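In what follows, a structure is listed as structure tokens, so that the remarks can point back to it.
From a predicted model like this one, the values you see are computed outputs, not experimental measurements. The figures here come from the full heavy-atom set of this structure, side chains too, leaving out hydrogens, waters and symmetry mates. We count residues from 1, following the sequence as given.
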Amino acid sequence: MTENRRSSAPWLALAVLALGLFMTLLDLTIVNVAIPSIVDDLHASLDQILWVLNGYSLAYAVLLITSGRLGDIFGPRNMFAAGIVVFTVASAFSGLAHDPTQLILARGLQGIGAAIIAPQGLPIMTTIFPPERRAGVFAIYGSLAGLAVLLGPVVGGFIVTNFGWRWIFYVNLPVGLLTFILAFVFVPDLRPGRRHRLDWAGVALATTGLLGIVFGLIEGQRYDWGTVWSWITIPEIIATGVVVMTIFLLVQWRRQDREPLLPFAIFKDRNYTVMTLVLMAMGFAIVGFFLPLTIFYQSVLGLSAFDAGLAIAPQPLAMMLMSGVAAALAARYAKYILITGLTLFAIGMAYIAWIAQVSSNRWSFLPGLVLGGIGMAGVWTPVFSMATRNLQPRLAGVASGVLSTIQELGAVIGSAAIGAVLQNQLAADLHNRAVSYSAQLPSQAQAPFVDGFSKAARSGLEVGRGQTGTSLSLPAGVPAQVAHQIQQLAHAVFTQAFVDAMRPTMALAIAVVLVAAVGAIAARNGTAGVPAHAAAESEQEPASVA
């Protein structure tokens, strides 16, 4: 019954859905800025901090498609509300964490909540809004994502500086409660016209495969890429993850007639397939850009979290200001705007990697940040416009889950790979710099100084504000003047080594973006196949309001 499928207040329903999305995105960017403060308070190593990020990302990536299918079964509004509850409770646990393990577990629970929330918006929006209004709806969603990225570092920095890092989680409690109530007031309870089933084998295989790959990449440096337990090695864990993911794809291929976790039908449209790969590349690159840059601002330049947030803010601000122009141009030239945007984003990152020095100040990177922001404005609108242009509404739920899954998978792999490269480069550079700088110390202090940095990677590198990267223990009786000299040199070793390690780390992200720009050439600029409006009329499943 078409008349029952429209919400009486669709824009209020959109506002509630957007509030839920905004909360999850804001929390993700806030945590990035708070990393050094969390390190200082909980004494977490770099690999533990990566798990604070990846615990969220891994749970989010693995469960997105599953939660989209659960939305088909129980109704997207109900799953959205359930996700808000899980996310809000997990935020409370995150704020109460007293050690890195507790925070990692709580962040994983947050990721589960966010995964339940994320795929529910697209099926609801494609139901309550007619096709001619959907472009504007997706533009609002994209603008809110940009706003969350903009406000995350600034608001997060303000909260961390004035109230402490725990309050970046506590602020979610009233917002989550309000969103939960409004969801039952304004969002319609839509139900599918037919029953759906879950592919539990697919869920198990995807979870196991991703866990093996990500664990191996994150923990590789700490175990010297060798043995972890008994005879099990890091390369074997990664290889097992790859094998399991291959089995997952084979199982999905055999289950295409029985509602698989990953229906291959959504990849028949070339634009959708190309855009998923672009989203994966952007997920990878954003981590590769913001992770080293956030540490650089606070650990090398010594900025507070709030000042670091202000220093990063020009990029998302430029993205927001240019998004309207990019959206207008993308209506006719989406493919070319996308390629240009990816290229400009890569150039902006390359500029920052090129000029980065220990002597840089907070505004040294401004041209690169602005150029990168302009580039990102030319990415998001064309990506979602081209991906959804010919999307059949009956596939909206699973397609939304797949898009978000692949983007987040890129972020998970990016965080793991970037962390591995950063730790590997930093470990090597710390040793080399320590050998060079040790010549300025008394002979009896040189060997312990070098040894302290050489062992830094195995004990876990700490990268908080003002950290030297190691915990150098000075023997009793060391003269105060010598102790001061050692600490000064230790800080110089860490800052110089981090800048040296930052460049190849960012180069990896730049290369991934440029590959995506080349791949985007394969996309079609115009509509292909069945027009979206016709598809909406001929393919849409009946839905009911419970």
Side-chain angles (χ1 to χ4, degrees), residues 27-60 90-91 93-95 97-111 152-153 156-157 159-160 164-166 168-169 214-223 284 286-300 303-305 308-309 312 408 411-427 430 456-471 494 497-498 501-502 505-506 509:
D27 195 72
L28 186 60
T29 54
I30 280 179
V31 171
N32 288 334
V33 172
I35 285 174
S37 296
I38 295 173
V39 168
D40 291 341
D41 189 23
L42 300 183
H43 306 291
S45 61
L46 178 57
D47 60 302
Q48 288 175 320
I49 285 298
L50 287 170
W51 271 109
V52 169
L53 299 176
N54 286 322
Y56 182 102
S57 299
L58 182 58
Y60 184 72
S91 297
F93 286 147
S94 297
H98 292 293
D99 60 55
T101 301
Q102 292 178 2
L103 183 57
I104 290 169
L105 293 174
R107 286 283 291 164
L109 186 61
Q110 265 195 320
I159 292 174
V160 171
W165 66 267
R166 298 180 187 277
I168 66 175
F169 298 110
V214 175
F215 177 88
L217 289 172
I218 292 177
E219 299 293 290
Q221 178 62 40
R222 188 156 68 96
Y223 290 103
F284 185 105
I286 288 173
V287 172
F289 176 73
F290 278 108
L291 179 62
L293 187 62
T294 299
I295 297 173
F296 176 87
Y297 275 131
Q298 298 185 60
S299 295
V300 176
L303 300 181
S304 68
I312 294 173
E408 194 61 27
V412 170
I413 296 175
S415 184
I418 292 298
V421 172
L422 184 59
Q423 286 199 97
N424 187 49
Q425 287 293 128
L426 189 52
L430 281 173
R458 291 176 185 165
S459 61
L461 296 168
E462 294 190 359
V463 291
R465 182 184 177 191
Q467 295 282 345
T468 63
T470 67
S471 299
F494 175 72
F498 186 84
M502 178 178 171
T505 302
M506 295 184 70

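Legend: residues meeting side chain to side chain contact (heavy atoms under 4.5 Å, CB included) with Ala97, ordered by chain and number and at least two apart, are Gln102, Leu103. In this structure Ala90 satisfies the side chain to side chain contact (heavy atoms under 4.5 Å, CB included) test together with Leu109, Gln110, sequence neighbours excluded. Taking the salt bridge (Lys or Arg N to Asp or Glu O under 4.0 Å) definition, one finds that Asp41 meets it with Arg166, sequence neighbours left out. Looking at residues two or more places apart in sequence or on another chain, you find no ring-ring contact (aromatic ring centres under 6.0 Å, His included) involving Phe289.
From Leu105, atom CG reaches atom OG of Ser94 across 10.0 Å, with rounding to the nearest 0.5 Å. Here the CD1-CD1 distance, from Ile159 to Ile168, works out to 7.5 Å after rounding to the nearest 0.5 Å.
Scanning all heavy atoms of the two residues, the minimum distance from Val287 to Pro292 falls at O-CD, 3.8 Å. When every heavy atom of Trp165 is checked against every heavy atom of Val160, the shortest pair comes out as CA-CG2, 4.0 Å.
Taking the six-membered ring where the residue is Trp, Phe494 and Phe498 present tilted rings, their angle falling between 30° and 60°.
Looking only at side-chain heavy atoms (C-beta outward), Leu42 and Asp99 stay at 4.5 Å or farther from each other. With a 4.5 Å cut-off on side-chain heavy atoms, Ile418 and Met506 do not count as touching. Leu291 is listed as a side-chain neighbour of Ile35, based on a closest heavy-atom distance under 4.5 Å.
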